[in-house]
J.: 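One structure, as structure tokens, below. Some questions next.
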Amino acid sequence: MSVLSYKYRLYPTTAQVAGLEAMLGAFCDLYNAALQQRIEAYRRAGKTLRYVNQAGELKAIRAADERLAGYSFSAEQQVLRRLDKAFVAFFGRVKKGKTGFPRFRAKSMFDSAEFRVGDGLRIRKSKRLSVIGIPGEVKVKWHRDLPAFATVGAAILSRAAGKWFVCFQITMPDEEVQPRDGASVGLDLGLSSLVATSEGETVAAPQWTKGAAKRQRRLQRALARAKRGSKRRLKAKRRLARHSAATANRRRDFLHKLSRSLVDRYALIALEDLSVDRLARSMLAKAVHNAAWGQLRSFLDYKAANAGVRVEAVDPRGTSQTCPECGVVVAKTLSDRTHRCACGCVMDRDVAAAKVILQRAVHGTGPGHGLRTPSQRVAA
């Protein structure tokens with residue numbers, strides 16, 4: 001069985017927006033109260049509470065609190081599970097010598113609630129959503145249909161930059177995908193060219209961050225000038241959030257289209273197994289974040305899996321310093337954008353690297369050749 005997510009935009013009315021915000025506020029209070037209970041139980045009695053302990057008290061809490069009584073019981077259970085997951089992650093960090101105790105949440109930052117479809121949230125025949133505690137039915141923009149044979153499990157209602165969304169978690173029966181026959185391509189991921197292929201095609205890296213930086217600085221200054229707790233600050237915060245979300249949407253749309261184009265054209269896609277996290281801590285951090293290599297890789301992986309396309313990741317060491325024709329190491333600096341070898345091979349540096357990447361994936365040739373296990377991951 002494979003699990004997929006389908007996300008849709010919601011268009012609630014003004015009354016429904018108020019109801020949704022009140023619901024998230026009540027869930028936030030429940031989260032903070034449960035966190036406080038855990039802290040006090042350990043401080044006073046040395047007892048560590050678990051999800052089972054707190055979920056057993058939920059009925060009594062709903063009986064005493066009219067707000068919580070008006071919303072889905074299972075959704076409130078998910079709030080307690082969210083807190084439990086935060087503590088599990090905290091104890092995992094402690095074992096590694098790190099800190100980060102779960103914190104109380106502000107209502108302005110508590111932006112999602114999880115439901116079980118059919119229990120607290122339903123898809124009506126009108127193709128609208130009904131949510132317990134929310135007046136009427138919420139309009140949904142069904143830009144694509146849910147798969148016919150899918151089992152719809154959880155649904156997460158969320159808000160982001162003043163917009164509302166629902167994300168359905170669906171389970172699909174496993175279908176054997178036949179490997180596709182066709183051309184192979186190597187991809188070199190870079191900063192000047194986002195992608196260079198072994199066939200000589202280059203895709204320039206759109207400067208999403210650079211293009212949005214001027215307006216973002218202006219919006220950040222406006223936010224800094226506003227008085228804390230004022231309505232002007234809230235409006236400035238929303239404007240900044242909308243601007244950041246628009247930049248992220250443009251980046252995601254571009255990468256979706258690029259990954260789809262590559263998966264549609266090739267049966268084997270070879271690329272470098274880059275450690276993006278390490279590169280993002282270097283002096284090129286801003287450019288690396290703008291390129292969003294990790295997001296492109298994730299889009300390629302899941303699209304390829306559904307299309308019978310192989311995606312192979314190879315050792316990135318030396319790919320830009322190796323001649324694709326004779327295999328000789330030709331040292332270059334970052335400013336050298338053309339590969340020139342004594343064997344007569346002259347081509348764009350990134351295209352040459354893409355050819356080497358493809359060779360390593362198909363034949364395992366060149367220095368540091370072959371596929372590597374995830375434990376051998378390096379920066380570049």
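Side-chain atoms are counted along with the backbone in the values below, which use heavy atoms only and exclude waters and symmetry mates. Only a predicted model underlies this, so the values are computations on that prediction, with no experimental measurement involved.
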J.: Please check this pair: side chain of Arg62 against backbone of Tyr71, looking for a donor-acceptor N/O pair closer than 3.5 Å.
T.: yes
J.: Is the count of non-hydrogen atoms from other residues, nucleotides or ligands lying under 6.0 Å from Tyr42 atom OH greater than 12?
T.: no
J.: Can Lys303 and Asp264 be said to form a salt bridge (Lys or Arg N to Asp or Glu O under 4.0 Å), step by step?
T.: CA-CA 9 Å; Lys303 286 182 172 68; Asp264 287 345; over 6 Å; no
J.: Is atom CZ of Arg232 surrounded by more than 12 heavy atoms (other residues, nucleotides or ligands) closer than 6.0 Å?
T.: no
J.: Mark yes when over 12 heavy atoms from residues, nucleotides or ligands other than Asp181 sit less than 6.0 Å from its CG; otherwise mark no.
T.: no
J.: Rounded to the nearest 0.5 Å, how far does OG of Ser5 lie from CZ of Phe168?
T.: 11.5 Å
J.: Please round to the nearest 0.5 Å and tell me the distance separating atom CD of Glu312 and atom CG of Leu187.
T.: 12.5 Å
J.: Got Leu191 and Trp293 here, is their nearest side-chain heavy-atom distance under 4.5 Å?
T.: yes
J.: Is a side-chain donor-acceptor pair under 3.5 Å present for Asn53 with Arg50?
T.: no
J.: So if you build clusters from Ile, Leu, Val, Met, Phe, Trp, Tyr with side-chain heavy-atom gaps below 4.5 Å, do Phe73 and Leu68 land together?
T.: yes
J.: Determine yes or no for a side-chain-to-main-chain donor-acceptor pair under 3.5 angstrom, with Ser244 supplying the side chain and Leu240 the backbone.
T.: yes
J.: With the 4.5 Å side-chain cut-off for hydrophobic clustering, are Val203 and Ile269 part of the same group?
T.: yes
J.: In Å, rounded to the nearest 0.5 Å, how long is the span from CG of Asp119 to CD of Gln77?
T.: 8.5 Å
J.: May I have the step-by-step check of side-chain contact (heavy atoms from CB on, under 4.5 Å) for Phe87 and Phe101, ending in yes or no?
T.: CA-CA 8 Å; Phe87 271 92; Phe101 190 80; 3.8 Å; yes
J.: For Phe91, look at atom CZ and say whether over 12 heavy atoms of other residues, nucleotides or ligands are found less than 6.0 Å away.
T.: yes
J.: Once rounded to the nearest 0.5 Å, what's the spacing between atom CG of Asp188 and atom OG of Ser198?
T.: 10.5 Å
J.: Is the backbone N or O of Asn249 less than 3.5 Å from a side-chain atom of Asp253, with the two atoms forming a donor-acceptor pair by type?
T.: no
J.: Of all the heavy-atom pairs spanning Val351 and Ala196, show the shortest one and how long it is.
T.: N-CB, 4.1 Å
J.: Looking at every heavy atom in both Ile156 and Ser112, which two are closest together, and how far apart are they?
T.: CG2-CB, 4.0 Å
J.: Is there a path of hydrophobic side-chain contacts, each under 4.5 Å between heavy atoms of I/L/V/M/F/W/Y residues, joining Met23 to Ile61?
T.: yes
J.: Evaluate side-chain contact (heavy atoms from CB on, under 4.5 Å) for Arg252 paired with Phe299, printing each intermediate quantity in order.
T.: CA-CA 10 Å; Arg252 185 167 53 252; Phe299 289 171; 3.8 Å; yes
J.: What are the two closest heavy atoms between Pro147 and Met172, and how far apart are they?
T.: CB-SD, 3.5 Å
J.: Under 6.0 Å from the CZ atom of Arg337, do we count more than 12 heavy atoms belonging to anything else shown?
T.: yes
J.: Hey, does Arg340 have a side-chain heavy atom less than 4.5 Å from the side chain of Val330?
T.: no
J.: Determine whether Leu121 and Ser72 satisfy the following criterion, side-chain contact (heavy atoms from CB on, under 4.5 Å), listing intermediate values before the conclusion.
T.: CA-CA 8 Å; Leu121 181 146; Ser72 169; over 6 Å; no
J.: What pair of heavy atoms forms the shortest contact from Arg297 to Ala313, and how long is it?
T.: NH2-CB, 3.7 Å
J.: Atom CG of Asp29 and atom CG of Asp65: how far apart are they, to the nearest 0.5 Å?
T.: 8.0 Å
J.: With a 4.5 Å limit on heavy-atom distance, are the side chains of Ile123 and Leu146 in contact?
T.: yes
J.: Taking the six-membered ring of Phe110, is NZ or CZ of Arg82 closer than 6.0 Å to its centre and within 45° of its axis?
T.: yes
J.: Would a distance-only check, ignoring hydrogens and angles, find a side-chain to backbone donor-acceptor pair under 3.5 Å from Arg239 to Leu219?
T.: no
J.: Only one of Lys141, Lys7, Arg159 clears side-chain contact (heavy atoms from CB on, under 4.5 Å) with Phe165; which?
T.: Lys7
J.: Do we see a donor-acceptor contact under 3.5 Å between the side chains of Arg265 and Thr197?
T.: no
J.: Just so I know, are the side chains of Val140 and Lys127 near enough to count as touching, which here means a heavy-atom distance under 4.5 Å?
T.: no
J.: Taking the side chain as everything from C-beta on, heavy atoms only, tell me whether Thr202 gets closer than 4.5 Å to Asp350.
T.: no
J.: Just by distance, do the side chain of Ser298 and the backbone of Gln295 share a donor-acceptor pair under 3.5 Å?
T.: yes
J.: Does one hydrophobic cluster hold both Ile39 and Leu83, with members joined at side-chain heavy-atom distances below 4.5 Å?
T.: yes
J.: When you look at CZ of Arg215, are more than 12 heavy atoms from neighbouring residues, nucleotides or ligands closer to it than 6.0 Å?
T.: no
J.: Report yes if the side chains of Val356 and Pro324 come closer than 4.5 Å at any heavy-atom pair, otherwise no.
T.: yes
J.: Between Phe115 and Gln78, is any pair of side-chain heavy atoms under 4.5 Å apart?
T.: no
J.: Between Lys85 and Tyr51, is the side-chain contact (heavy atoms from CB on, under 4.5 Å) condition met? List the steps.
T.: CA-CA 9 Å; Lys85 290 177 183 177; Tyr51 164 76; over 6 Å; no
J.: Please find the pair of heavy atoms, one from Asp111 and one from Ser108, that lie closest to each other, and give the distance.
T.: OD1-O, 3.4 Å
J.: Say whether Gln54 and Arg38, considering side chains only, have a donor N or O and an acceptor N or O under 3.5 Å apart.
T.: yes
J.: Could you pull out the closest heavy-atom pair between Arg93 and Thr99, with the gap in Å?
T.: NE-O, 3.3 Å
J.: Looking at Arg103, I'd like to know if its CZ atom is crowded, meaning that more than 12 non-hydrogen atoms belonging to other residues, nucleotides or ligands lie closer than 6.0 Å.
T.: no
J.: Quick check against the 3.5 Å criterion: does Glu114 have a side-chain atom that pairs as donor or acceptor with the backbone of Val79?
T.: no
J.: Are Val166 and Val152 joined in one hydrophobic group, where the rule is that I, L, V, M, F, W and Y side chains link up if heavy atoms are under 4.5 Å apart?
T.: yes
J.: Using a 4.5 Å cut-off on heavy atoms from C-beta on, say whether the side chain of Val263 contacts that of Leu300.
T.: yes
J.: Please answer whether the main-chain N or O of Tyr266 pairs with a side-chain N or O of Arg180 as donor and acceptor at a distance below 3.5 Å.
T.: yes
J.: Give the ring-plane orientation class for Tyr302 versus His256, where under 30° counts as parallel, over 60° as perpendicular and anything between as tilted.
T.: perpendicular
J.: Report yes or no: does Thr319 contribute a side-chain atom to a donor-acceptor pair with the main-chain N or O of Asp315 at less than 3.5 Å?
T.: no
J.: Can you tell me how far apart CG (Leu80) and CZ (Phe27) are? Round to the nearest 0.5 Å.
T.: 10.5 Å
